There are 2 protein chains.
Amino acid sequence: MSSRKVKIFVAEFLIFCLCLKLSFGGIIDNVVEQYAFDESEENVCNLPDTLVKEIAGYQNTVNRIIKEIVNGKFKGKTWDSLATLTDTFGPRMTCTESLENAIDYVKENMKRSGLENVHTENVTAPWWIRGYENADMVKPWKRNLPILGLGSSIGTPRGGIIADVIAVENFDEFKTIPEDQVKGKIVLFVPPWEGYEKTVVYRSEAASVAARKGAVGALIRSITPFSINSPHTGHQNYASDVKRIPVAALTVEDAQMMLRMYRRGQTITVNLEMSDRNNGNCVTRNTIGELEGTKYKNTSVVVVSGHLDSWDVGVGAMDDGGGAMISWKAVEFLKAMNLRPKRTIRAILWTSEEQGLIGAQNYLEDHKKNEKEEFNFFMESDIGTFEPRGLDFSGNADGACILKEVLKLMTSLNATEFSQPTDGGPDISWWTTRGYPGASLMNKNEKYFWYHHSNGDRMEVEDKDTLDKCTALWASAAYVISDLSVNFPRSLDSN
Amino acid sequence: MSSRKVKIFVAEFLIFCLCLKLSFGGIIDNVVEQYAFDESEENVCNLPDTLVKEIAGYQNTVNRIIKEIVNGKFKGKTWDSLATLTDTFGPRMTCTESLENAIDYVKENMKRSGLENVHTENVTAPWWIRGYENADMVKPWKRNLPILGLGSSIGTPRGGIIADVIAVENFDEFKTIPEDQVKGKIVLFVPPWEGYEKTVVYRSEAASVAARKGAVGALIRSITPFSINSPHTGHQNYASDVKRIPVAALTVEDAQMMLRMYRRGQTITVNLEMSDRNNGNCVTRNTIGELEGTKYKNTSVVVVSGHLDSWDVGVGAMDDGGGAMISWKAVEFLKAMNLRPKRTIRAILWTSEEQGLIGAQNYLEDHKKNEKEEFNFFMESDIGTFEPRGLDFSGNADGACILKEVLKLMTSLNATEFSQPTDGGPDISWWTTRGYPGASLMNKNEKYFWYHHSNGDRMEVEDKDTLDKCTALWASAAYVISDLSVNFPRSLDSN
């Protein structure tokens, strides 16, 4: 999950409200079959009985899907495939050979595992290179500080910069420090964890805020609620009006220690050296495979997705190997069970999500011309594949009513929860923010940010049985939505 | 907590059983006042009513101690002092300037804080130096592996050793591998976490077990139940009959990944370079300060203790800064409250615990001549200063009955639990294994081994309010035991 997501979530919520308002009464753009829904009042569902019964009629099929994946011949397969992927390619950073090799591997194995129309689609993505990175506290005593440069950060001169540190808890405190005291210093922001969306602004903006007052470098407390001295990377953005300065994340422990020392009046000097650099663009690829629909093929597609790229630390097992893998395996297992729905289910493993939702943005541009006909529903898993709880929904009131009925089928997984608006789905927000319906995997991801963008994002985060349940929920929901007699309602702008 | 502790626990338990047997009926060596206890049957207490009443009579005093430390003028002081200590000196490894500077600092501040007879006592300790350490997996793909060499490990030749890896889960699996397959290889042991005592044998013995079959290096999965890609160090021992080979801990994640890869039949090659070395001995110091008793001074002393040294990773806030600090502060706060008991309470901050309980062993040797007269009771906190639960006891049945009465006074701390035999107290095991009574701080330390001997052992592990409660329990128990009308019963060998 990238820093852009936060902004996108805010935008999404506003646009979503706007869409709801615009579409009050349900502007249902139903390409395939025009079904006359009753006008739904908020939180009151008036779906036609026939549709409610139709959805309930999938219970046996859903039970079979769940049984085969959780306790049958697919038991443990999702975890095994993810372990093989991550053990073979390690982390999959945009513009690296590892990612492109992993894309080739997934493409070949999607074919072998029976997916249809397997192919990749090119994406032009920003190429940021993490170089040599080192930070030493040299005063008041010598300590090597584990760091991770933030994505898009520039480097330092060779040999690094040596400067005294100003440590503050937050932007408000920083405002109180006169500019002449900041000039030539390294500014360290040590915000307490107050949830990702609130805290991540320090990752996004630290460099720009510090540079505006003449700082020569910026450091942040890693954006995480928990640490075993583990730095967390992630994307940052330079404001257009500032001189670019290098920026990196310290561990929670080191950042908090230095804040305490600073407040005791001690002079802290740091030698920060980074050879990170932005290297233009590279070409990478989205990876796509399908289970073709019986009735519709290239229209009214249900997308299941996660991103295959990761940061260059850990192995991206959680962010977002798990989401990518359940999307691939959901399609593979449905095919192996000879369950072919009316609509095509398209697994898309996005590329370059971590650099700013780039793969999905490219995909939108390439498919925008006929998107109204092409797409029916967007699913994305990118907030963990821990114990599944249900689905987070983006869409209108009629859509919510349908998804709630679909979720009633998931009782045996104990994953019937519904929430709206979604708090996941960064890549699909390119569509959901414009009124297309979508869902994200709601899961017990309370510890997600413990591992997020750190070397702790490894296979140990993923549990074998839990991953089976995620795949089962994913396959079941995708199957039912793609097989319904009606298209999923949506609320598109007139644009 | 060092690897020796495990052996000592086993030895302790056996000796304890022997002592109980020898002393059935209570061989009470009561130097100061001979008090005739009734013979206590196991789990049945027959303490004299007068003694039970005497102990209950301390409730008001204990309430005052708790109130002042948890909510009064000492609130937050223990954590603040620990933060200052660790922020100033960092980790405090045996035979380093940091440890000796920290010892000087504690000595000076013990004096300033009102402790009496403040001094240090010299200790000769083994000097192990962690040099440059690096491990790279070079096949099947390149990955830097975070490692920590194990205490007493030798180094590799310059440039390191490059060898294929044999990965096994445990010693039994290793037995099945023929010697000619092991020769020239690096052996990786990946035991699942089954509790510290059971799992730590892989840290202690991996090098020797691997070397016996001709391996050139040994690696282990870090001895921890949880990891954010964090290696954990600790002491190891070479058997006398083997060629010494370098040995280091990998992270859980890397070890488990390599085991999976090995089991898939992949060839794994590692380049391991370590310039670690054993450098003879150095002189370090135990740090001692007292609250002198009103009735007895150098006899019948109650010892409160923790170790001031740490490993060279993290800052040793948990292992054992917390235990050392509550021992110092318990005495300081009692003095500041003008609470002076009949017996002397002696805070001892042991040195070189991590190298094999060396500081305490030296102290025993130096004080052995008159130890029967000198010591009454030994307290040690070295298994965490998380939420206190009560006390773990080592001693005889009469002692158990007394300590249970003392613990009844701790209701307001919700710390009245009693357990026997103790599972803590490595340093004081030099005495408790020979029949001296002792107690360890029982606390909610379920996550202790998440941080243990890793870079995660930082101030963030310690909670301000919780540390107050630990100090309050420690001060209260020490005060009551040191002020009782009777000496604490013990069961000494005839030796």
Side-chain angles (χ1 to χ4, degrees), chain A residues 79-80 82-84 86-91 97-98 101-102 137 140-146 193 221-222 224-232 251-264 266 268 312-315 317 447 449-452 454-462, chain B residues 79-80 82-84 86-91 97-98 101-102 137 140-146 193 221-222 224-232 251-264 266 268 312-315 317 447 449-452 454-462:
Chain A
W79 193 95
D80 287 345
L82 185 58
T84 302
T86 59
D87 291 351
T88 306
F89 301 100
E97 207 179 314
S98 287
N101 288 344
M137 181 173 81
W141 48 285
K142 169 108 179 162
R143 180 181 187 82
N144 181 260
L145 305 167
W193 173 258
R221 175 198 191 273
S222 284
T224 182
F226 180 79
S227 175
I228 296 192
N229 209 39
S230 35
H232 293 238
T251 70
V252 168
E253 292 91 332
D254 285 329
Q256 294 187 168
M257 179 184 76
M258 287 163 75
L259 180 62
R260 287 192 300 270
M261 291 163 72
Y262 184 79
R263 288 181 171 174
R264 285 187 203 116
Q266 292 182 277
I268 304 168
D312 55 338
V313 292
V315 298
K447 294 184 180 169
F449 291 104
W450 289 26
Y451 312 106
H452 178 250
S454 84
N455 279 308
D457 185 351
R458 301 293 295 269
M459 278 311 294
E460 284 61 29
V461 177
E462 302 293 321
Chain B
W79 192 95
D80 288 345
L82 185 57
T84 303
T86 59
D87 292 350
T88 306
F89 301 100
E97 208 178 314
S98 287
N101 288 344
M137 182 173 78
W141 48 286
K142 169 107 176 161
R143 179 179 190 82
N144 182 259
L145 306 168
W193 172 259
R221 174 199 192 273
S222 283
T224 182
F226 180 79
S227 175
I228 297 191
N229 210 40
S230 35
H232 294 240
T251 70
V252 169
E253 292 92 331
D254 285 328
Q256 293 187 166
M257 179 184 75
M258 288 165 74
L259 180 62
R260 287 193 300 272
M261 291 164 73
Y262 184 79
R263 286 180 173 176
R264 286 188 202 113
Q266 292 181 277
I268 305 167
D312 55 338
V313 291
V315 299
K447 294 183 179 168
F449 291 103
W450 290 26
Y451 312 106
H452 178 251
S454 86
N455 279 306
D457 185 350
R458 302 294 294 270
M459 277 312 293
E460 284 62 27
V461 177
E462 302 293 320

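This is a predicted model, so every value here is computed, not measured. Sequence lines set the chain letters: A, B, ... in the order given, protein chains first and strands last, and positions in each chain run from 1.
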One option among A:V252, A:T84, A:D457, A:V461 has the most heavy-atom pairs under 4.5 Å with chain B, and it is A:T84
Considering only heavy atoms, which portion of A:S98 lies under 4.5 Å from any heavy atom of chain B: side chain, backbone, both, or neither?
-> neither
Provide the closest heavy-atom pair for A:P91 versus B:W141 in the form atom of the first, atom of the second, distance.
-> CD-CZ3, 4.4 Å
When B:P146, B:P140, B:A83 are compared by non-hydrogen pairs under 4.5 Å with chain A, the top option | B:A83
Output the distance between atom OG1 (A:T86) and atom CE (B:M257), rounded to the nearest 0.5 Å.
-> 8.5 Å
Rounded to the nearest 0.5 Å, what's the gap from CE on B:M261 to OG1 on A:T88? Could you check?
-> 7.0 Å
Look at A:R458, A:E460, A:Q266 and state which one has the largest set of heavy-atom pairs under 4.5 Å with chain B.
-> A:R458
Mutual orientation of the aromatic rings belonging to B:F226 and A:W450 [parallel < 30°, tilted 30-60°, perpendicular > 60°] | perpendicular
Where on A:E253 is there a heavy atom nearer than 4.5 Å to chain B: the side chain, the backbone, both, or neither?
-> both
Side chain, backbone, both or neither: which part of B:V315 has a non-hydrogen atom closer than 4.5 Å to chain A?
-> side chain
Spacing of B:M459 atom CE and A:Q256 atom CD [to the nearest 0.5 Å] = 10.5 Å
Rounded to the nearest 0.5 angstrom, the CZ-CG distance for B:R264 and A:D87 is 4.5 Å
In Å, rounded to the nearest 0.5 Å, how long is the span from OG1 of B:T251 to CD1 of A:I228?
-> 11.5 Å
Using non-hydrogen atoms only, which part of A:D254 is less than 4.5 Å away from chain B: side chain, backbone, both, or neither?
-> both
